[in-house]
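Below: the structure, in structure tokens.
Letters go in sequence order (proteins before strands), and every chain restarts at 1.
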Amino acid sequence: MTEPALLDATGVAKSFGAVHALTDAELRVGKGEIVALMGANGAGKSTFVKIITGALKPDTGHVLIHGQQARVGSPAEARRTGLVPVYQEPSLIPDLDVLDNLRLGDTPVAPFVHWVKELGIEDLVLNEMIADLPLATLRIIDLARALASDPDVLLLDEMTAALPTDLVERVLKTVRARANEGMGVIYVSHRFTEISELCDRASVLRDGKTVGDLQIEEGVEERIVELMLGQKIDLGQREIAVNTSTQSGSTRLKVRDLAIGTKVSNVSFDLYSDEVLGVVALEGQGQDELFQALAGFIKPTAGTIAIDGEQKQFSHPADAIASGLTFVPGDRADALLSQRSVRENIALPFSARIKAWGPLKMRHEKERVAHAIDKLQIDTRAQGEVQQLSGGNQQKVTIGRWLATGVETLLLFDPTRGIDVRTKRQIYPLVRELADQGAAVLYYTSELEEIQLACDRAIVIFNGSVVDTIDASEATEQRLMRAAYGLTGNEGAA
Amino acid sequence: MSTATTDPAMIRLGRFLRDNPMIPLLVFLFLLIATLEVMRPGIVIPLRSGRDGLISTFWVGNLIKFAIPLAMLAACQVLTMLTAGIDLSVGVVATVSAFVCATLTTIWGVPAAAIVALATGIIVGAVNGIGVGIVRVHPLIMTLGTGLIATGCLQVYQRLFINAGSEIPEFLVWLGTGRTAGMPNGLFLFVPFALFVLWLMRYTGFGRLLFALGSNEQAAKLSGVRAWQVYIALYVLSGFIAALAGLLYLGMIRQTSLSLANPLLLPSVAAAVIGGTSIFGGRGSFAGAIVGALILRVLDTMLTLLQMPEGARTALFGLIVLAVTALYVRITGTR
């Protein structure tokens, strides 16, 4: 190409403290090109997007727009140079009407109305409050607003996530048409079907590095999956054998046709006592809501949850705990009293019920807490405040809380996120041991290799439904990744 | 927060003081008392043989006597602040309790009057607890609102009972003004009360939950704590303590008024904050609040000695409370 690319990012690196989010990322978008930006969870995708749009400054490398060193200082500056992003969360102010939101961004109204209609929403009233509009409409408004400013490069981040199928088609058609007129598009998505339908190329990120730039053609999905997986850090060998006599235990948890809001549409599975059931899903496929419903934080809109054959409805986590369902959330900050001691954190559930509001049973508490600390090998040199512990030790405290109270059914949501390899290796055998002692464990993980290390079986959730159930022996990362991207059945079919 | 101190020595000092919050508080209290002695030689240390001894038990007794109701109301603030709440109805509750008791004593006798008076505190507390725990109104607004409602109700009540007259129960006068071995009789109520509050905070499940809710309500919920139960119990307790303090205050002042204990409200908040309790929850000490109450009483005495007009005194008092709190928070790096 003789003409400079619309967008050319090369050698982009960015670190947050000791964490190298990006080491060597690049992306090139030519005139009229639609490029998919792909990567597994934690590959550095969102950091890269933030750098391209000017929300973050790269440590090294540069982003050229129209071949010029566009020192993108702020999102507003990026907009001026012609790069307009549309994010997953609509960036509209809920307490203003549509028109006021347009005015805030200096968006011309006539082209906006044109694009809204073009995108399939015929009856939008401009003085309606944003807060009163459904999510799908908001996303269309966001996209129409971006198109109305006549961008050179459009960045779409999971644009179709909350859209019904008919609107998805309109969006893809419109974007394709604009690209044919010369607009460049960066398309961030998990959905292979849309990518193969819409995109010209796919750029794949892994561990902060761009590892491939592929033309979209037949069978490219397999190569993309392979590139996304790559070689990973060795997390050790499995120390305890797979529970070969599967389903030797009784059915502890029986979930049928569960639906929660718009995120979970149809989830059914059985969890047996003495097994660890893995849950695999890309970000935002409904796994968060599933765990929150099982833990009693939110109520399902349809379907049933039965424990030991008895149907249950939870209106508070206390109900779930009374039924033996105990929850370790993904974000440790949600689970810990950061200014309190290890002991108080672990013993917290002891005092939860009114009956236990009286004098503390110090000896009982001390024994149970010491047992949990010992079992998990929590480093308690910093006893005073939990916030002084390392991330791994903090995570152990959140698990230890339920070891101390006694585990029946443990809901672990990404328990090894952001902790060191050593601690990870301690957690897998512990989870196995709990299951061998009769506990049932539901184990969501964003790291696919953990399924074979810690689980007996795994269910895969895509777009709010269970799409596959896989035995640990067959749960290779390839197989899981394919299923998580909604690619099932025969090889290569999209 | 981070702008406060950069010098390592200051940081170390700050950390030491944060881990031992009572030390700077006691040092500050004695500094204030020393200043007072300089301002008016002989007030604390009469240096004459006789009934007072080396240190004036009369003065110390007086200091403690007036600090007791303040410290009791400060207990309400410490307990509610642990959950990141506050109870702004305590001043009015104490007033209502005192007024109800004084007016009903002439009709129903002392025990019934005292029980009804304490019950008013429990009722206001229950309303606060339901508002904060179930309707989830912010405690600041909720308790401010119930305080206003209670004030209104008191005025209506006063019209109805205008002819009944009032009488201060003998026992309360003994408790409020009497002395035993130079020390105020109020200590007979306060010492057991203080021990109870300290025990409640440290050695009971309920106390643990107060700290837990203030540190991270989400984590408490996750552990199966139904927050509304704790909030209702907490604000009922706070209302009860305030009503009890009102009865004591009635015996101390020996007169009734529609705003008897209202001026104690802000000092009670200040005593808690000076004593190291964080209004953001999760951190607090009743022992600190007691010293805080003593500090405020000494400050008040100093301002009285300066013989300033009432308005200037009040303004200066507010200013000093702000300065002391800001300084303390700055040094220890707590909030």
Which region of [X], side chain (C-beta onward) or backbone (N, CA, C, O), has a non-hydrogen atom less than 4.5 Å from a non-hydrogen atom of chain B, or is it both or neither?
| X | value |
| --- | --- |
| L337(A) | both |
| A356(A) | backbone |
| N345(A) | neither |
| A322(A) | neither |

Quiz item: Among G207(B), A219(B), S215(B), who wins on heavy-atom pairs under 4.5 Å with chain A?
Solution: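 With the most close heavy-atom pairs to chain A, the winner is A219(B).
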
Practice problem: Select, from G282(B), S223(B), G224(B), the one with the greatest count of heavy-atom pairs under 4.5 Å involving chain A. | Solution: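 Counting heavy-atom pairs under 4.5 Å, the top option is S223(B).
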
For residues [X] and [Y], report the shortest heavy-atom separation together with the two atoms involved.
| X | Y | answer |
| --- | --- | --- |
| A212(B) | L348(A) | CB-CD1, 3.6 Å |
| R340(A) | F211(B) | NH1-CD2, 3.2 Å |
| N216(B) | L336(A) | ND2-O, 2.9 Å |
| P329(A) | L222(B) | CD-CD2, 3.8 Å |
| W199(B) | P359(A) | CZ2-CG, 3.7 Å |

Exercise. With rounding to the nearest 0.5 Å, note down the distance linking CD in Q339(A) to CZ in R283(B).
Key: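 Atom-to-atom, Q339(A):CD and R283(B):CZ are 4.5 Å apart.
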
Exercise. Side chain from CB out, backbone as N, CA, C, O: work out which of these in L209(B) comes under 4.5 Å of a heavy atom of chain A, or both, or neither.
Key: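 Contact with chain A: side chain only.
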
Quiz item: How about R226(B): does its CZ atom have over 12 heavy atoms from other parts shown lying under 6.0 Å from it?
Solution: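 Buried by this count: over 12 neighbours within 6.0 Å.
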
Quiz item: Does a sphere of radius 6.0 Å around CD in Q437(A) hold more than 12 heavy atoms from other residues, nucleotides or ligands, not counting ones at 6.0 Å or beyond?
Solution: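 Yes, because the 6.0 Å sphere around CD of Q437(A) holds more than 12 heavy atoms from other groups.
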
Quiz item: Does a side-chain N-to-carboxylate-O contact under 4.0 Å join D334(A) and K221(B)?
Solution: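 K221(B) and D334(A): not salt-bridged.
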
Quiz item: Is there a side-chain contact between R208(B) and F350(A), using heavy atoms and a 4.5 Å cut-off?
Solution: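 No - every pair of side-chain heavy atoms lies 4.5 Å or more apart.
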
Quiz item: Quick one: of T398(A), T405(A), I354(A), who has the most non-hydrogen atom pairs under 4.5 Å with chain B?
Solution: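 With the most close heavy-atom pairs to chain B, the winner is I354(A).
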
